Enquirer: 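There's a structure below that I have some questions on.
Keep in mind that what you see is a predicted model, and the values were worked out from it rather than measured. Start at 1 and go down the list; that is how both ligands and their atoms are numbered.
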Amino acid sequence: MKLVVTIPAFNEEKTIGKVIAEIPKKIKGIDKVEVIVIDDGSIDGTAKEAVDAGATVVRNGINCGLAYSFSRGLDTSLAAGADIIVNTDADFQYNQAQIPLLISPILAGDSEIVLGSRFGGPIEHMPFQKKVGNILVSFLMRVLTGLSLTDTQTGFRAFSREAALRLTVFSDYTYTQETILVAHEKKIPISEVQVEFRKREGKSRLISNIFVYAKKVGFTIIETYINYKPFKIFFSAGFMLLALGVLVGTRVLGHYLKTGGVSPYLPSAVLSALLLIFGFQVLVTGIIAELIKRGRKVQEEALYHLRKAHYAK
Ligand SMILES: Nc1nc2c(ncn2[C@@H]2O[C@H](COP(=O)(O)OP(=O)(O)OP(=O)(O)O)[C@@H](O)[C@H]2O)c(=O)[nH]1
Ligand SMILES: [Mg+2]
């Protein structure tokens, strides 16, 4: 069993060495541990510090984004023969001594993806806006997936090789919600363990403005959800518009049947026609999107087999 720990890092020279040093080198059930740092165009000494601490470093050259780097980390780990992949942050907020705990459900064969939830221990140091944001997004993700997860934004996660082979991430910026939605759609078992979460040393590299972050997270969730459940969304919206069109149109039709004219209800007639046309278009869009989704499912299955063969050990 080989464990690869991936660390996406952007200008983290102060903490990257400490994070690597903290990773346990001997873990029960694991024969080999390798650390891969994905240096995302850092302009400080991140890469050097990582190499000095004994990690393999892959460099993006320019800043490509956290989600892009996470994806590259998965691919590099698969190529390195990983059986289990742990992704962690470079800012020393997670306690790497908890990696054995994080991977234990995978080793036991109970889960394919394990999330390290930060909401089990003291998190008073998590800034208020982030705490509220994390709670709200986790709630939304619970509603969308039906899974009882408490922290869907955590950066401390473990993936089985099988899960990594099946995951695709489209966003460049954030992978945290997308991976859960994709895994849930592909029926990959996801579980959670409670982990420690330390105060950050220095400023966030990812979130300069909480509102910009919220907007990006919101769009990623909507895009991913539409991608995987198009019919559900378009059908609900189309059906609502059609129902509204029928409701508005009943009065007009009643008057027409009685008098043979619609003139006093002309605005309602126009509104009803618009709602019916628009609702119908949304329904048809849903059907087309559903057909595209079916095609994509086949493509993803083919991609999984291609990757499996490409990264065969
Ligand atoms: N590859 C890559 N990694 C990034 C980028 N921005 C942040 N990171 C890394 O992603 C991890 C999480 O970023 P943080 O800045 O700690 O974000 P956060 O944990 O959500 O926010 P804080 O609570 O303020 O720490 C760290 O390891 C960062 O170095 C980026 O543009 N590219
Ligand atoms: Mg952090």
Enquirer: What is the closest protein heavy atom to atom 15 (O) of ligand 1, and at what distance does it sit?
Expert: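 Heavy-atom neighbour on the protein nearest atom 15 (O) of ligand 1: Arg205 N, 2.6 Å.
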Enquirer: Please identify which of these residues, Ile221, Ile180, Thr152, meets the side chain to side chain contact (heavy atoms under 4.5 Å, CB included) condition with Leu144.
Expert: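 The option that passes is Ile221.
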Enquirer: Ser138 and Asp151: side-chain donor and acceptor closer than 3.5 Å?
Expert: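 Looking only at side-chain atoms, Asp151 and Ser138 do not form any donor-acceptor pair under 3.5 Å.
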Enquirer: Can you tell me which residue and heavy atom of the protein come closest to atom 12 (C) of ligand 1, and the distance to 0.1 Å?
Expert: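 I find the closest protein heavy atom is Asp89 OD2, 3.4 Å.
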Enquirer: How far is atom 3 (N) of ligand 1 from the closest protein heavy atom, and which atom is that?
Expert: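 Looking only at protein heavy atoms, the one closest to atom 3 (N) of ligand 1 is Leu66 CD1, 3.6 Å.
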Enquirer: Could you tell me whether His184 and Tyr228 have their ring centroids closer than 6.0 angstrom?
Expert: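 That pair fails the under 6.0 Å test.
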Enquirer: In sequence, state the C-alpha distance, the side-chain angles, and the governing distance for Leu3 and Glu34, and then conclude on side-chain contact (heavy atoms from CB on, under 4.5 Å).
Expert: CA-CA 6 Å; Leu3 169 72; Glu34 184 177 341; over 6 Å; no
Enquirer: Judging by distance only, is a nitrogen or oxygen of Ser204 under 3.5 angstrom from one on ligand 1?
Expert: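 Yes - when backbone and side-chain N and O of Ser204 are compared with those of ligand 1, one distance drops under 3.5 Å.
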Enquirer: Quick one: nearest non-hydrogen protein atom to atom 13 (O) of ligand 1, plus distance?
Expert: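 The protein heavy atom lying closest is Leu206 CB, 3.8 Å.
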Enquirer: May I ask you to check whether Ser191 and Asp110 show a side-chain donor-acceptor distance below 3.5 Å?
Expert: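 The answer is no; no qualifying pair exists.
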Enquirer: Could you list the residues that satisfy side chain to side chain contact (heavy atoms under 4.5 Å, CB included) with Lys32, not counting sequence neighbours?
Expert: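 Testing Lys32 for side chain to side chain contact (heavy atoms under 4.5 Å, CB included), a comparison that skips the adjacent residues, returns Lys2.
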Enquirer: Among the N/O/S atoms of Asp91, which is closest to the Mg ion (ligand 2)? Give the atom name.
Expert: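 Of all N, O or S atoms in Asp91, the Mg ion (ligand 2) lies closest to OD2.
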Enquirer: Among protein heavy atoms, which lies nearest atom 4 (C) of ligand 1, and at what distance?
Expert: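 Heavy-atom neighbour on the protein nearest atom 4 (C) of ligand 1: Phe10 CB, 3.6 Å.
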Enquirer: Can I get a per-line list of side-chain donor-acceptor pairs under 3.5 Å for residues 264-273, giving both atom names and the distance, sequence neighbours left out?
Expert:
residue, atom, partner, partner atom, Å
Ser268, OG, Arg251, NH2, 3.1
Ser272, OG, Gly245, O, 2.9

Enquirer: Are Arg157 and Thr179 linked by a side-chain donor-acceptor pair shorter than 3.5 Å?
Expert: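 Yes, because at least one side-chain N or O of Arg157 sits under 3.5 Å from a partner of the opposite role on Thr179.
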Enquirer: Heavy atom to atom 25 (O) of ligand 1, shortest distance: which of Gln93, Lys199, Arg118, Met126 holds it?
Expert: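 Considering heavy atoms of Gln93, Lys199, Arg118, Met126, the nearest to atom 25 (O) of ligand 1 sits in Gln93.
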Enquirer: Below the 3.5 angstrom mark, is there an N/O of Phe197, backbone or side chain, next to an N/O of ligand 1?
Expert: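 No; the residue has no nitrogen or oxygen that sits under 3.5 Å from a nitrogen or oxygen of the ligand.
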Enquirer: Do any of the N/O/S atoms of Ser204, backbone or side chain, fall under 2.8 Å from the Mg ion (ligand 2)?
Expert: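 Coordinating: no.
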Enquirer: Show me which atoms of ligand 1 lie under 4.0 Å from any heavy atom of Asp40.
Expert: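 Per the distance check, 1 (N), 2 (C), 30 (C), 31 (O), 32 (N).
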Enquirer: Considering the heavy atoms of Asn63, write down every atom of ligand 1 situated less than 4.0 Å from one of them.
Expert: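 With Asn63 as reference, the close atoms of ligand 1 come out as 30 (C), 31 (O), 32 (N).
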Enquirer: Under a heavy-atom criterion of less than 4.0 Å, does Gly65 contact ligand 1?
Expert: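 Yes, that is the case, since the closest heavy atom of the residue is under 4.0 Å from the ligand.
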Enquirer: Going by distance only, is there an N or O of Ile38 that falls short of 3.5 Å from an N or O of ligand 1?
Expert: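 For ligand 1, there is no N or O atom that lies under 3.5 Å from one belonging to Ile38.
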Enquirer: Which option wins on minimum heavy-atom distance to atom 21 (O) of ligand 1: Lys130, Glu12, Arg200?
Expert: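 Selected option, by shortest heavy-atom distance: Lys130.
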Enquirer: Which of the numbered atoms in ligand 1 are below 4.0 angstrom from a heavy atom of Ser69?
Expert: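 So the answer, numbered in order with elements, is 1 (N), 2 (C).
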Enquirer: Can you tell me which residue and heavy atom of the protein come closest to atom 16 (O) of ligand 1, and the distance to 0.1 Å?
Expert: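 I find the closest protein heavy atom is Asp91 OD2, 2.5 Å.
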Enquirer: Please determine, by modelled atom types, if Asp39 and Ser42 share a side-chain donor-acceptor pair under 3.5 angstrom.
Expert: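 Result is yes, a qualifying pair exists.
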Enquirer: Within 45° of the six-membered ring axis of Tyr94 and under 6.0 Å from that ring's centre, is NZ or CZ of Arg118 located there?
Expert: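 Judged by the rule (NZ or CZ under 6.0 Å from the ring centre, within 45° of its axis), Arg118 is not positioned above Tyr94.
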Enquirer: Test the Arg166-Tyr304 pair against the cation-pi criterion, namely NZ or CZ under 6.0 angstrom from the six-membered ring centroid and within 45° of the ring axis.
Expert: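 Because its charged atom sits under 6.0 Å from the ring centre and within 45° of the axis, Arg166 does stack over Tyr304.
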Enquirer: Identify the closest protein heavy atom to atom 9 (C) of ligand 1: which residue and atom is it, and at what distance?
Expert: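 The closest heavy atom on the protein side is Pro8 O, 3.7 Å.
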Enquirer: Answer yes if the side chains of Thr88 and Gln96 hold a donor-acceptor pair under 3.5 Å, and no otherwise.
Expert: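 Result is yes, a qualifying pair exists.
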Enquirer: What atoms of ligand 1 come within less than 4.0 Å of a heavy atom belonging to Ile207?
Expert: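 The list of qualifying atoms is 20 (O).
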Enquirer: Show me which atoms of ligand 1 lie under 4.0 Å from any heavy atom of Ala90.
Expert: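 Atoms satisfying the 4.0 Å criterion: 26 (C), 27 (O).
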